[in-house]
Participant: 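Here's a structure for you.
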Amino acid sequence: MKLFPDADGRVDIRGVYFDNVTDDTAAEAIIKHAKDGGFCAAVFTPNSEIVQLCVEDGTGELYNVINSAALIVPDSTGIVKAAKMFGTPVNGKVAGVELGERLLRESAKECIPVYFLGGKPGVAEDAKARMTEKYPGLRVVGTADGYFDKTGDESTARIDEIARSGARILYVCLGAPAQERWIHDNFDALTNAGVRIALGLGGALDVYAGNVKRAPKLFLALGLEWLYRLMREPWRLGRMTALPRFYLGCRRESKARKKQAKNTKNND
Ligand code: UDP
């Protein structure tokens, strides 16, 4: 089930269906569902690397996982550019880390309890300390690190603990695509645990804890966040080889779509 049921507002980027939202409309829908929703809705923030992983997965399994989200926001300049290339532009990038922080601010106002899951031991606690200081009234009702067996008893124990906490919004920061798989595999358990929004937010807790800095505004404005991350975390180079393949795939698909549209028009 989608937070925005209107399929017209969805944009197909290489088989991943992004919702054409803004920070405002996304935040509003998420908070509303956190308060009144009857099931656990997943919010995913895939970037070009994740879309390319879906393309290259070959089995369709990762597409199923990613497209199962109730809301999918375009968290990268690459996705925004691809949407434009396909002639179906989106409103703009919706950065997961910022969206997550905005939801903390609004949860504080609305008294919605949140839970931080992920990161190395101590990171979620540090994130809680910094964010509760920044947003008075914020209730982070539980924290746990992200290093556990994602399919076994440890996972069940994490969900039991989340259920006991009473959290409505769950920040799942296990890295992509592990976090999306974990949320997807546990939709029913999370619904039964009382969670209404499960956000897949990668390294957001590291940022909230103050361990990792966001790219400076200039890099963000130029769409070069990937370069900044690469400079600080050179081990990302291997993963980033997906970016040129993503771009080339988009170019090929864009040409194919234009050709198909022309043929359809000629046949009418
Ligand atoms: N992480 C985790 N459990 C794991 C593997 C990773 O909690 O089993 C955490 C890791 O400590 C980091 C986050 O997941 O805080 C991944 O951050 P990254 O910026 O790499 O996110 P991505 O780029 O994958 O979205």
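Counting starts at 1 for both ligands and their atoms, following the listed order.
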Participant: To check your reading of the model: name the closest protein heavy atom to atom 7 (O) of ligand 1, its residue, and the distance in Å.
Facilitator: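 The answer is Gly119 N, 2.9 Å.
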Participant: Going by an N to O cut-off under 4.0 Å, is there a salt bridge joining Glu233 and Arg239?
Facilitator: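 No.
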Participant: At under 4.0 Å between heavy atoms, is it the side chain or the backbone of Arg236 that contacts ligand 1, or both, or neither?
Facilitator: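 Answer for Arg236: side chain.
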Participant: What protein heavy atom is closest to atom 25 (O) of ligand 1, reported as residue, atom name and distance in Å?
Facilitator: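 Result for atom 25 (O) of ligand 1: Gly202 CA, 3.4 Å.
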Participant: Does a side chain donor of either Asp75 or Asn47 reach within less than 3.5 Å of an acceptor in the other side chain?
Facilitator: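 Short answer, no.
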Participant: Are a donor atom and an acceptor atom from the side chains of Asp149 and Thr151 found within less than 3.5 Å of each other?
Facilitator: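 The criterion, which ignores hydrogens and geometry beyond distance, is satisfied for Thr151 and Asp149.
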Participant: Salt-bridged, Glu161 to Arg164, with N to O below 4.0 Å?
Facilitator: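 Salt bridge between Glu161 and Arg164, a charged N being under 4.0 Å from a carboxylate O: yes.
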Participant: Considering the heavy atoms of Asp206, write down every atom of ligand 1 situated less than 4.0 Å from one of them.
Facilitator: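 By the 4.0 Å cutoff, the relevant atoms are 12 (C), 15 (O).
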Participant: Are any of the side-chain nitrogens in Arg102 or Asp24 under 4.0 Å away from the carboxylate oxygens of its partner?
Facilitator: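 Judged by the 4.0 Å cut-off on N to carboxylate O distance, Arg102 and Asp24 do form a salt bridge.
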Participant: Take every heavy atom of Lys150, measure it against each atom of ligand 1, and state whether any distance is under 4.0 Å.
Facilitator: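 Yes, Lys150 has a heavy atom closer than 4.0 Å to ligand 1.
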Participant: Relative to the heavy atoms of Gly118, which atoms of ligand 1 are at a distance of less than 4.0 Å?
Facilitator: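 Reading through ligand 1 atom by atom, the close ones are 7 (O).
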Participant: Under a 4.0 Å N-O cut-off, is there an ion pair linking Lys120 with Asp126?
Facilitator: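 Looking at Lys120 and Asp126, the cut-off is not met.
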Participant: Should you measure from each heavy atom of Gly203, which atoms of ligand 1 turn up under 4.0 Å away?
Facilitator: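 In order of numbering, the contacting atoms are 17 (O), 18 (P), 19 (O), 21 (O).
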Participant: Please compare Cys173, Gly146, Ala176, Ala178 and report which has the shortest non-hydrogen distance to atom 9 (C) of ligand 1.
Facilitator: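 Nearest heavy atom to atom 9 (C) of ligand 1 lies in Cys173.
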Participant: Decide yes or no for Met131 and Val140: does some side-chain heavy atom of the first lie under 4.5 Å from some side-chain heavy atom of the second?
Facilitator: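 Result no, sub-4.5 Å side-chain heavy-atom pair not found.
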Participant: Identify which of Ala204, Gly200, Ala209, Gly175 has a heavy atom lying nearest to atom 16 (C) of ligand 1.
Facilitator: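 The nearest heavy atom belongs to Gly175.
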Participant: Given that the side chain starts at C-beta and the backbone is N, CA, C, O, which of these parts of Arg229 lies under 4.0 Å from ligand 1, counting heavy atoms, or is it both or neither?
Facilitator: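 It is the side chain that gets close, since no backbone atom is under 4.0 Å.
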Participant: Quick one: look up the protein heavy atom nearest atom 10 (C) of ligand 1 and list residue, atom name and how far away it is.
Facilitator: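 Heavy-atom neighbour on the protein nearest atom 10 (C) of ligand 1: Tyr147 OH, 3.3 Å.
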Participant: Would you mind telling me if ligand 1 is within reach of the side chain of Arg239, the backbone, both or neither, using heavy atoms under 4.0 Å?
Facilitator: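 Under 4.0 Å from ligand 1, Arg239 contributes side-chain atoms alone.
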Participant: Report yes or no: is the cationic atom of Lys150 (NZ for Lys, CZ for Arg) under 6.0 Å from the centre of the six-membered ring of Phe148, at an angle within 45° of the ring normal?
Facilitator: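 Output yes; distance and angle both within limits.
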